[in-house]
Amino acid sequence: MKIILLHSIGGGNGVTTVTANLAAALQGLGHRCLAIDCTPDNLLALHFGVASDAVDGWARSASLSQSWVECGFEAMDGGRVLPFGMLDVESLATLRRNLTEKPKHIADICHALSGEPLDYLLLDFSAPLTGYCSAQFSALKDLADYSLLIARADLQSYRLLVSHPLGQQLLTDCEILLNAVKTENELQRDLLLVMRRELEHHLISNIIHHDAAVPEAFAHLQTLNSYAPNSAAALDFYLLAVWCVNKLPKVPS
């Protein structure tokens, strides 16, 4: 089983969307996948058809001292997800303190799943590091076989990745995928060229193009593989899945 950690330096870069659709694309290639939501917004499961009022998840189970084993969901297309779960403010604050003191809960889940018939485990860490739990992120990064940072071809991502100390730290052990790129936009084309020049050793060749089918699929509680399999972004995720399959055998388990 290969573990892929998907994250970003800040919010709004589409980490959850990439996680869900990459998992679906890998599943479409015949690989057995499980996507785990590592952040309190609890949005990952919506991509797999889980109702928005569903409350179960590994974090909720942890707050209630219950087992997370029964919290997983399977979509109609076979995609599987382990949600974060819905927590009130007090329970979330307690969980954050516990993860800071012992940042291994998700790591323990991953180890427990190592005996399952899974090919890929995708970890969605979409919350900004300064706003959630950096200790938990460090534990997951040590655990993962591969770390993929999701960014956009915009000035915010460019500045954070090129000149921010946290961005420089993150770039020491990950590669970058540019998401929702509008190649018809002149500014984004220019930024894409600049980022490819200044971050050439970190940027992967794949990009995810901006596509109206992406938010439409999410609105229908589906992945692109199910909702719009012939869309441009669905092809991008298929190519990204193929790239990951070819990349990860080179990474030791």
Side-chain angles (χ1 to χ4, degrees), residues 2-26 28-29 120 122-130 137 140-141 144-215 217-218 223-225 228 230-251:
K2 298 293 184 180
I3 300 175
I4 303 174
L5 173 63
L6 298 102
H7 61 96
S8 182
I9 194 171
N13 289 305
V15 178
T16 298
T17 298
V18 172
T19 303
N21 286 293
L22 175 57
L26 286 166
L29 290 174
Y120 294 95
L122 274 61
L123 307 179
D124 168 20
F125 200 100
S126 55
L129 301 188
T130 53
F137 174 79
L140 295 180
K141 198 169 184 183
D145 295 298
Y146 182 59
S147 179
L148 189 59
L149 188 151
I150 314 302
R152 292 181 184 264
D154 59 21
L155 289 172
Q156 175 179 302
S157 290
Y158 171 75
R159 180 185 177 277
L160 290 174
L161 291 171
V162 172
S163 59
H164 195 283
L166 182 56
Q168 295 299 301
Q169 180 183 352
L170 287 176
L171 290 179
T172 57
D173 190 26
C174 74
E175 292 186 293
I176 303 169
L177 169 72
L178 293 180
N179 182 39
V181 178
K182 298 180 180 179
T183 51
E184 71 279 7
N185 180 285
E186 184 177 359
L187 175 59
Q188 287 216 351
R189 287 200 307 271
D190 291 344
L191 278 169
L192 184 59
L193 291 173
V194 171
M195 293 176 79
R196 279 178 169 165
R197 182 180 68 244
E198 298 196 23
L199 299 166
E200 60 177 335
H201 299 300
H202 300 283
L203 279 176
I204 67 173
S205 58
N206 300 71
I207 65 171
I208 306 298
H209 291 87
H210 178 268
D211 189 335
V214 174
F218 181 57
T223 62
L224 283 167
N225 222 33
N230 296 319
S231 62
L235 175 60
D236 290 338
F237 281 110
Y238 166 78
L239 295 174
L240 178 62
V242 171
W243 186 89
C244 287
V245 170
N246 291 329
K247 169 81 175 180
L248 286 174
K250 303 174 184 177
V251 182

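Remember, it's a predicted structure, so these values are computed and weren't measured experimentally. Residues: numbered from 1 along the sequence shown.
- One finds the NZ atom of K182 at 10.5 Å from the CG atom of D154 (value rounded to the nearest 0.5 Å).
- In R159, the CZ atom is not crowded: 12 or fewer heavy atoms of neighbouring residues, nucleotides or ligands sit closer than 6.0 Å.
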Take N13 and N179, measure what side-chain contact (heavy atoms from CB on, under 4.5 Å) needs, and give me the verdict at the end. CA-CA 7 Å; N13 289 305; N179 182 39; 5.9 Å; no

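- Remark: Y238 OH to N21 CG distance equals 16.0 Å, nearest 0.5 Å.
- Between L26 and L122 there is a side-chain heavy-atom pair separated by less than 4.5 Å.
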side-chain contact (heavy atoms from CB on, under 4.5 Å) assessment of L191 paired with L155: CA-CA 8 Å; L191 278 169; L155 289 172; 3.9 Å; yes

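- Between F237 and I208, the closest side-chain pair of non-hydrogen atoms falls below 4.5 Å.
- Between the CG atom in L22 and the OG1 atom in T223 there is a gap of 11.0 Å [rounded to 0.5 Å].
- Once rounded to the nearest 0.5 Å, the distance linking OG of S126 with CD1 of I150 reads 10.5 Å.
- In this structure, E184 places its CD atom where more than 12 heavy-atom neighbours from other residues, nucleotides or ligands lie under 6.0 Å away.
- Across all their heavy atoms, D211 and S231 have their closest contact at OD2-CB, 3.5 Å.
- Under the 4.5 Å side-chain criterion, counting only non-hydrogen atoms from C-beta, I4 is in contact with Y120.
- The minimum heavy-atom distance between L224 and A234, with the atom names listed, is CD1-N, 3.9 Å.
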Could you list the donor-acceptor pairs under 3.5 angstrom formed by side chains in residues 195-205, with sequence neighbours left out?
| from | atom 1 | to | atom 2 | distance (Å) |
| --- | --- | --- | --- | --- |
| E198 | OE1 | Y158 | OH | 3.1 |
| E198 | OE2 | Y158 | OH | 3.0 |
| H202 | ND1 | L171 | O | 3.3 |

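- More than 12 heavy atoms of other shown residues, nucleotides or ligands fall within 6.0 angstrom of atom CZ in F218.
- Heavy atoms of other residues, nucleotides or ligands lying less than 6.0 angstrom from NZ of K141 number more than 12.
- How far OG1 of T19 is from CG of L5: 8.5 Å, rounded to the nearest 0.5 Å.
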Pair Q188-H210, side-chain contact (heavy atoms from CB on, under 4.5 Å): steps then yes or no: CA-CA 11 Å; Q188 287 216 351; H210 178 268; over 6 Å; no

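- With hydrogens and angles left out, the side-chain atoms of H7 and S147 include a donor and acceptor closer than 3.5 Å.
- Nearest approach of I176 to A151, heavy atoms of both residues: CG2-CB, 4.1 Å.
- Side chains of Q156 and L160 form a contact here, defined as non-hydrogen atoms less than 4.5 Å apart.
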Under the side-chain contact (heavy atoms from CB on, under 4.5 Å) criterion, do D236 and I207 qualify, and how do the steps go? CA-CA 7 Å; D236 290 338; I207 65 171; 5.6 Å; no

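- Here CG of L148 is found 10.0 Å from NZ of K247. Values are rounded to the nearest 0.5 Å.
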